[in-house]
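As the structure is a prediction and not an experimental result, all values here were calculated from the model. Residue numbering restarts at 1 for every chain, and letters A, B, ... go by the order of the sequence lines.
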Amino acid sequence: MRKVNIKLLSARTGGALALLLALGGAPALATPPQLPAALPSLSAPADTATAPPLPPDAAVPQPVRRPAASHLRELRGQHDFQYTDVREEPEQAGFWARLLRWFFRGLSRLFDTKGGRVAWDVILYLLIGGGLVYAVLKFLQVDLTKVFGRAPRALPLAYEAGQENIHALDFSQAIAQAEATGNLRLAVRLGYLQLLKQLTDRELIAWQPDKTNQAYLRELETSRPTARAPFAELTRQFEYIWYGELPLPAALYAPVRESQRQFGQQLSGAGVRPPAA
Amino acid sequence: MDPQLSTDDTLPPTSAASLPLPATPPDALLTDAPTPASNTNSFAPRTDLAQLTARTEAVRTQIGQVIVGQQDLLQLLLTALLADGHVLLEGVPGVAKTLTAKLLARTLDVPFSRIQFTPDLMPADVLGTSIFRPAQGDFEFRPGPIFASVVLIDEINRAPAKTQSALFEVMEERTVTQDGRTHRMASPFVVLATQNPIEQEGTYRLPEAQLDRFLFKLNVGYPTLAEEIQILQGHHSGFGGTPLERVKPVLTATDLAALRQQVGQQRVEANVLEYIAKIVGQTRAHKALYLGASPRASLALLNGAKALAALRGRDFVTPEDVQFLAAPVLRHRIMLTPEREMEGGTADEVVKTIVQSVEVPR
């Protein structure tokens with residue numbers, strides 16, 4: 001079928017050419033339309049005695065105007081009138097374009113069969129359904145890991161580098177060294193850290209670098225209520241000395257250190273057992 | 001409130017011998033553990049906190065006549081009062097945000113004003129305006145309702161940014177500049193603002209610059225079942241009348257100034273200062289945060305911790321104080337990334353992970 005861009009033709013070559021081509025494309029209009037037989041006759045009534053005779057037809061038929069051959073050639077040469085699709089030659093396309101074309105052609109061949117179309121529909125519905133389920137679960141903030149019967153993994157905490165590893169420190173030596181250098185405040189701190197290590201070893205508290213002393217006291221209240229009160233007092237002493245920067249003369253240091261030692265001995269003694277699992 | 005307050009920590013230091021020792025079962029361990037009580041007198045605050053404890057306890061008692069529960073909220077309000085900070089109270093309607101703020105204001109013997117923020121409120125309605133006096137031929141400044149010692153701004157997020165920005169100067173610098181003249185606010189000057197997190201219609205998000213000026217943002221939650229029953233019982237047994245009338249002023253401006261001076265002298269060890277800086281610094285590098293906390297947040301955490309330590313009967317700050325205040329100080333100063341928000345994350349969760357990631361100095 002001829003494709004005629006009437007609007008474009010009108011714009012470029014004027015209304016006359018467009019009209020000409022349109023008339024040429026509709027030859028039926030050249031002959032007068034035949035009236036159906038069923039229609040009533042439009043001829044004059046039988047009594048024509050009073051009607052004047054019609055004059056003879058003096059009209060001269062106009063010849064059909066044809067555009068000049070050169071003008072047609074010029075129009076055909078214009079890009080706007082080139083109606084054939086210009087396809088890119090495969091060898092001109094880049095690697096990525098050729099790869100995509102190959103992929104989509106393969107995909108098209110795969111899904112162009114009856115089975116392929118069914119499979120495509122199933123995949124589409126599965127994707128839509130999965131997306132809806134995911135959106136609902138996300139909206140309800142459901143933890144999907146619990147669906148499979150396990151608790152969410154505790155991710156390792158990104159701790160800052162600790163000042164000391166209480167499990168690797170030789171407390172006896174470090175405390176002795178602090179006492180020898182007269183750094184009694186440090187000695188009290190090390191003594192307190194040693195108690196925390198002992199409590200951890202006995203599984204009375206769970207050591208974590210982000211926990212405060214009060215957090216350990218709360219844990220101790222659950223795991224070993226009888227140890228809480230003496231440890232609370234040792235904690236108070238440590239906090240006054242360490243955080244409160246309380247001056248610590250030797251006279252005050254001795255009983256503090258002795259209290260720590262006694263508590264440690266109680267923890268290490270035969271009477272202290274780890275809580276039942 | 002999210003942070004759990006250690007009840008023991010609120011007690012003033014006592015001798016270990018007076019600590020309530022639990023009943024010892026026969027096979028208990030550490031039955032003969034000697035309580036280190038020989039030198040406990042040395043471990044007491046070096047500054048006399050008795051006045052501070054007595055005054056704040058009086059405030060608690062007064063408010064406790066009306067408000068049931070909300071002990072942590074009250075603790076944090078008193079902390080803010082002693083730390084010279086403003087408080088933003090956020091909670092659903094009906095959890096006594098406004099009432100608590102009004103009661104706290106009533107316990108203070110200082111000028112109080114209340115401003116109901118509305119969408120058509122103008123800055124001059126808050127700060128004041130200059131009026132021409134024909135007789136004198138000059139302008140006279142008429143102070144607005146902000147000129148009080150305790151200002152309750154109800155539904156603060158109902159006013160547009162234009163009105164909110166009028167509060168910037170007065171909240172931070174305690175001055176109001178108008179027509180080239182600077183008017184200094186009286187001391188104390190505390191803004192207690194409330195907002196409702198649920199309603200979106202007719203509300204405006206507070207500018208970050210203004211949020212940063214609040215020392216704490218406190219989430220006011222629902223009462224427990226026991227507390228709610230107590231509320232009902234109190235109401236049923238003829239609680240009627242105006243509850244404000246039952247509360248009497250127990251703290252003057254002079255008293256408060258003295259207590260604040262005492263709080264300012266609290267000791268903070270260098271490692272605790274570093275701990276505060278690390279926590280706040282982590283908010284600026286956290287992948288779930290679009291905006292971290294400013295140095296003003298570090299100062300707020302420090303000042304708040306000093307006040308809280310004093311309320312807990314200590315003259316020095318511990319990491320426990322810092323951890324307790326981390327969420328109230330930081331939750332309104334940080335902004336989650338859009339991805340984190342879409343995942344349903346909250347500022348409190350991020351603050352918690354940040355606190356967990358920084359080692360407690362010990």
Side-chain angles (χ1 to χ4, degrees), chain A residues 138-139 141 155 157-164 189 192-193 196 202 204 208-215 217-218 221 224-234 236-249 251-252 254-256 258-260 262-263 266-267 269 271-273, chain B residues 4-6 8-9 13-17 19-25 27-40 42-46 266-272 278 282 309 314-324 342-344 353-362:
Chain A
K138 209 63 182 159
F139 181 72
Q141 297 186 6
L155 293 173
L157 297 171
Y159 288 122
E160 297 274 312
Q163 293 168 344
E164 292 107 354
R189 172 176 172 266
Y192 187 76
L193 287 179
L196 288 179
R202 307 300 294 181
L204 296 174
Q208 258 184 235
D210 65 292
K211 286 186 182 172
T212 62
N213 299 335
Q214 298 298 321
L217 279 172
R218 285 191 285 270
E221 181 138 30
R224 189 69 67 207
T226 51
R228 190 195 179 281
F231 188 67
E233 180 56 25
L234 290 171
R236 198 166 71 85
Q237 292 175 356
F238 162 72
E239 289 187 341
Y240 265 86
I241 292 166
W242 189 245
Y243 300 127
E245 299 173 319
L246 186 77
L248 188 63
L252 185 58
V256 170
E258 183 56 28
S259 302
Q260 289 182 341
Q262 282 184 14
F263 187 79
Q266 291 289 325
L267 287 175
V272 179
R273 297 178 299 273
Chain B
Q4 293 300 309
L5 177 65
S6 167
D8 290 335
D9 215 16
T14 57
S15 71
L19 287 173
L21 293 172
T24 310
D27 60 342
L29 309 171
L30 292 166
T31 48
D32 55 348
T35 303
S38 58
N39 46 28
T40 47
S42 304
F43 299 100
R46 283 145 287 182
Q266 293 282 87
R267 289 174 174 78
V268 189
E269 206 247 340
N271 285 312
V272 178
K278 276 183 178 174
Q282 287 282 325
R314 275 185 273 104
D315 62 352
F316 58 91
V317 173
T318 66
E320 178 85 9
D321 305 323
V322 177
Q323 281 196 2
F324 185 79
M342 287 170 71
E343 288 169 3
T353 59
I354 286 173
V355 170
Q356 283 177 341
S357 70
V358 180
E359 184 175 353
V360 168
R362 187 181 284 116

- Query: With distance as the sole test, does Arg46(B) use its side chain to make a donor-acceptor pair with the main-chain N or O of Gly244(A) at under 3.5 Å?
  - Reply: yes
- Message: Checking Trp242(A) against Thr318(B) for the side-chain contact (heavy atoms from CB on, under 4.5 Å) test, could you report, in this order, the C-alpha distance in whole Å, the side-chain angles of both residues, the deciding distance, and whether it holds?
- Response: CA-CA 9 Å; Trp242(A) 189 245; Thr318(B) 66; over 6 Å; no
- Against chain A, label Val272(B) side chain, backbone, both or neither, depending on which of its atoms sit under 4.5 Å from a heavy atom there. side chain
- Message: For the CD atom of Glu359(B) and the CG atom of Asp210(A), what is their distance to the nearest 0.5 Å?
- Response: 9.0 Å
- chain A contact via Val317(B) - which portion, at a heavy-atom distance below 4.5 Å: backbone
- Item | Euclidean distance, Gln323(B) CD relative to Gln214(A) CD, rounded to 0.5 Å | 10.5 Å
- If you round to the nearest 0.5 Å, how far is CZ of Phe43(B) from CD of Glu233(A)? 7.5 Å
- Query: Tell me, side chain or backbone of Leu217(A) under 4.5 Å from chain B's heavy atoms, or both, or neither?
  - Reply: neither
- Task: State which residues pass ring pair (Phe, Tyr, Trp, His ring centres under 6.0 Å) with Tyr243(A); sequence neighbours excluded, sorted by chain then number.
- Result: Phe238(A)
- Interchain contact, Phe139(A) with chain B, by part (heavy-atom threshold 4.5 Å): neither
- Phe316(B) side chain reached by Glu245(A) side chain, heavy atoms, under 4.5 Å: no
- With rounding to the nearest 0.5 Å, note down the distance linking NZ in Lys211(A) to CZ in Arg362(B). 10.5 Å
- Task: Using the test side chain to side chain donor-acceptor pair (under 3.5 Å), find all partners of Glu343(B) that sit at least two apart in sequence or belong to another chain.
- Result: none
- Query: Can we say Glu320(B) and Arg218(A) salt-bridge, meaning some charged N sits less than 4.0 Å from an Asp/Glu carboxylate O?
  - Reply: yes
